[in-house]
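Keep in mind that what you see is a predicted model, and the values were worked out from it rather than measured.
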Amino acid sequence: MDKKVSIVIPNWNGKKFLEGCLGSLKEQTYKNLETYIVDNGSKDGSVDYIKTNFPAVKLVCFDKNTGFAPAVNAGIRACSGDYIALINNDTIVDPRFIEFLAKALDENEELGSVGCKMLGYDNPEILDGVGDGYRGGGLPGRIAHGEKDIGLFDKPRYILGACGGAAMYRRALFDDIGLFDDDYFAYLEDVDMALRAQSAGYKCLYVPEAIIYHLG
């Protein structure tokens, strides 16, 4: 039987994105799934919208905006999957996205996480990124962000880490090295996680067949 995958999506006033994101998740070829939305005190009716239109989605709600890391940590604690996918709310997911990422983790025990090909929400010819890395001067950033997708990133490769807006992790990784650092309110928590994972001996693989469209 396929391992259970838990999808964790942080949301803050993102009601306008939810139909696209959650609708695309309903079309996944991988079926052993559960989805959690962690709502960070939205004031736009997001929670009621989810309850009405996507009743199967499980909710974790905060009264205020806790930031990305505390929100996804709450979702990770609440969910029960062997694999945990983090997805931003402003995304549309290709139908085989979860299938390809879970397959990569199934086939390679040394992987603690896997990343994907992120394309532009409005212009899918442009790469939103293919994982996290470091520039020559030491500044971290998304690999190939803003570049045209001309086939340079069509093969799997090891990367520093996956972008936290579209990634899948083994639960065992979190059990071993801990969750995201709550001190990162927004941004770079995924780079911190990648460095900690690499230091503990876990690799991250970029899986080009897994595609997500990200507004950003």
Problem - Derivation of the salt bridge (Lys or Arg N to Asp or Glu O under 4.0 Å) call for Glu99 and Lys103 - result: CA-CA 6 Å; Glu99 175 191 340; Lys103 182 174 183 286; over 6 Å; no
Exercise for the section: For Arg142 and Val130, indicate whether the former's side chain and the latter's backbone hold a donor-acceptor pair under 3.5 Å. Expected result: no
Exercise for the section: State yes or no: do Ile98 and Val57 share one hydrophobic cluster built from I, L, V, M, F, W and Y residues joined by side-chain heavy-atom distances below 4.5 Å, directly or via other members? Expected result: yes
Handout entry: From CA spacing to verdict: side-chain contact (heavy atoms from CB on, under 4.5 Å), Ile76, Tyr36
Key = CA-CA 9 Å; Ile76 293 167; Tyr36 277 79; over 6 Å; no
Practice task
Give the intermediate values and the outcome of side-chain contact (heavy atoms from CB on, under 4.5 Å) for residues Ile50 and Leu59.
Solution key: CA-CA 9 Å; Ile50 294 164; Leu59 280 160; 3.9 Å; yes
Exercise for the section: Could you pull out the closest heavy-atom pair between Ala162 and Tyr169, with the gap in Å? Expected result: O-OH, 4.0 Å
Fill in the blank from the handout: Between Gly115 and Leu101 the two heavy atoms that sit nearest each other are O-CD2, 3.5 Å
Exercise for the section: Using atom types as modelled and distance alone, determine if a side-chain donor or acceptor of Asp94 lies under 3.5 Å from a backbone N or O of Ile211. Expected result: no
Handout entry: Asn11 and Ser42 side chains, donor-acceptor separation under 3.5 Å
Key = yes
Practice task
For residues Leu127 and His145, determine if any side-chain heavy atom of one lies less than 4.5 Å from a side-chain heavy atom of the other.
Solution key: no
Exercise for the section: Using a 4.5 Å cut-off on heavy atoms from C-beta on, say whether the side chain of Asp149 contacts that of Leu119. Expected result: yes
Exercise for the section: Show your working on salt bridge (Lys or Arg N to Asp or Glu O under 4.0 Å) between Arg196 and Asp192 and close with a plain yes or no. Expected result: CA-CA 6 Å; Arg196 288 159 50 204; Asp192 174 74; 3.1 Å; yes
Problem - Whether Phe180 and Phe174 hold their rings parallel, tilted or perpendicular, with breakpoints at 30° and 60° - result: tilted
Practice task
Show your working on side-chain contact (heavy atoms from CB on, under 4.5 Å) between Leu105 and Met168 and close with a plain yes or no.
Solution key: CA-CA 9 Å; Leu105 288 176; Met168 187 179 288; 3.8 Å; yes
Handout entry: Under 3.5 Å: donor-acceptor pair, side chain of Glu147, backbone of Gly129
Key = no
Problem - Distance-only polar pair, side chains of Tyr121 and Asp128, donor-acceptor under 3.5 Å - result: no
Completion exercise
Of all heavy-atom pairs linking Asn89 and Cys21, the shortest is O-CB, 3.3 Å
Practice task
Evaluate the side-chain proximity of Phe97 to Glu209: yes if any heavy-atom separation is below 4.5 Å, no if none is.
Solution key: no
Practice task
Find the distance between CG (Leu215) and OG1 (Thr91) and round it off to the nearest 0.5 Å.
Solution key: 10.0 Å
Problem - Smallest separation among heavy atoms of Cys204 and Leu160, with atom names - result: CB-O, 4.1 Å
Exercise for the section: Measure the CG-NZ distance between Asp39 and Lys15 for me, rounded to the nearest 0.5 Å. Expected result: 12.0 Å
Handout entry: Val207 side chain reached by Cys116 side chain, heavy atoms, under 4.5 Å
Key = no
Practice task
Using the rule that two of Ile, Leu, Val, Met, Phe, Trp, Tyr join whenever any of their side-chain heavy atoms come within less than 4.5 Å, decide whether Phe54 and Val47 are in one cluster.
Solution key: yes
Practice task
Find out if a path of hydrophobic residues (ILVMFWY) with successive side-chain heavy-atom gaps under 4.5 Å connects Ile177 to Leu111.
Solution key: no
Problem - Exam field: side chain Asp176 to backbone Ala172, donor-acceptor pair closer than 3.5 Å - result: no
Handout entry: Spatial distance of atom CD (Glu189) from atom CZ (Phe68) [nearest 0.5 Å]
Key = 5.0 Å
Practice task
Evaluate the side-chain proximity of Leu22 to Ile37: yes if any heavy-atom separation is below 4.5 Å, no if none is.
Solution key: yes
Practice task
Determine whether more than 12 heavy atoms belonging to other residues, nucleotides or ligands lie under 6.0 Å from atom NZ of Lys31.
Solution key: yes
Handout entry: Heavy-atom donor-acceptor pair, Ser24 side chain to Ile92 backbone, under 3.5 Å
Key = no
Problem - Check: Ala69 main-chain N/O paired with Asn73 side-chain donor or acceptor under 3.5 Å - result: yes
Practice task
Please examine the side chains of Arg171 and Cys79, heavy atoms only from C-beta on, and report whether any two atoms are closer than 4.5 Å.
Solution key: yes
Practice task
Salt-bridge test for Lys117 and Asp154: reply yes if a basic N is under 4.0 Å from a carboxylate O, no otherwise.
Solution key: yes
Problem - Pairwise distance CD1(Ile159) to CZ(Arg157) - rounded to 0.5 angstrom - result: 8.0 Å
Exercise for the section: Indicate, with yes or no, if Leu25 and Phe100 share a hydrophobic cluster defined by side-chain heavy-atom contacts under 4.5 Å among Ile, Leu, Val, Met, Phe, Trp and Tyr. Expected result: yes
Exercise for the section: Give a yes or no on whether the backbone of Phe153 and the side-chain of Tyr206 come within a donor-acceptor separation of less than 3.5 Å. Expected result: yes
Handout entry: Heavy-atom donor-acceptor pair, Asn40 side chain to Pro10 backbone, under 3.5 Å
Key = no
Handout entry: Euclidean distance, Ser113 OG relative to Lys203 NZ, rounded to 0.5 Å
Key = 12.5 Å
Problem - Derivation of the side chain to side chain donor-acceptor pair (under 3.5 Å) call for Tyr158 and Glu110 - result: CA-CA 11 Å; Tyr158 289 110; Glu110 69 181 356; 2.8 Å; yes
Practice task
Scan side-chain atoms only and decide if Tyr213 and Asp122 contain a donor-acceptor pair under the 3.5 Å cut-off.
Solution key: no
Practice task
Please indicate whether Asp175 has more than 12 foreign heavy atoms, meaning atoms of other residues, nucleotides or ligands, lying under 6.0 Å from its CG.
Solution key: yes
Fill in the blank from the handout: So NZ of Lys43 and CH2 of Trp12: to nearest 0.5 Å the spacing works out to 10.5 Å
Practice task
Answer yes if the side chains of Thr35 and Lys58 hold a donor-acceptor pair under 3.5 Å, and no otherwise.
Solution key: no
Handout entry: Shared hydrophobic cluster for Met118 and Ile126 (ILVMFWY, side-chain gaps under 4.5 Å)
Key = no
Practice task
Without swapping roles, check the side chain of Asp82 against the backbone of Arg170 for a donor-acceptor pair under 3.5 Å.
Solution key: no
Practice task
Determine the minimum heavy-atom distance between Tyr30 and Asp2, stating which atoms define it.
Solution key: OH-CB, 3.2 Å
Exercise for the section: Before giving the answer on side-chain contact (heavy atoms from CB on, under 4.5 Å), spell out for Val5 and Asn32 the whole-Å C-alpha distance, their side-chain angles and the decisive distance to 0.1 Å. Expected result: CA-CA 6 Å; Val5 175; Asn32 192 12; over 6 Å; no
Handout entry: Lys4 with Glu34: basic N within carboxylate O range, under 4.0 Å
Key = yes
Practice task
Would you indicate whether the side-chain heavy atoms of Leu18 and Ser46 approach each other to under 4.5 Å?
Solution key: yes
Exercise for the section: Locate the shortest heavy-atom distance separating Ile84 from Val8; write the atom from each residue and the value. Expected result: CG2-CG2, 4.0 Å
Practice task
With the side chain counted from C-beta on, respond yes when Ile9 and Asn88 share a heavy-atom pair under 4.5 Å apart, and no when they do not.
Solution key: no
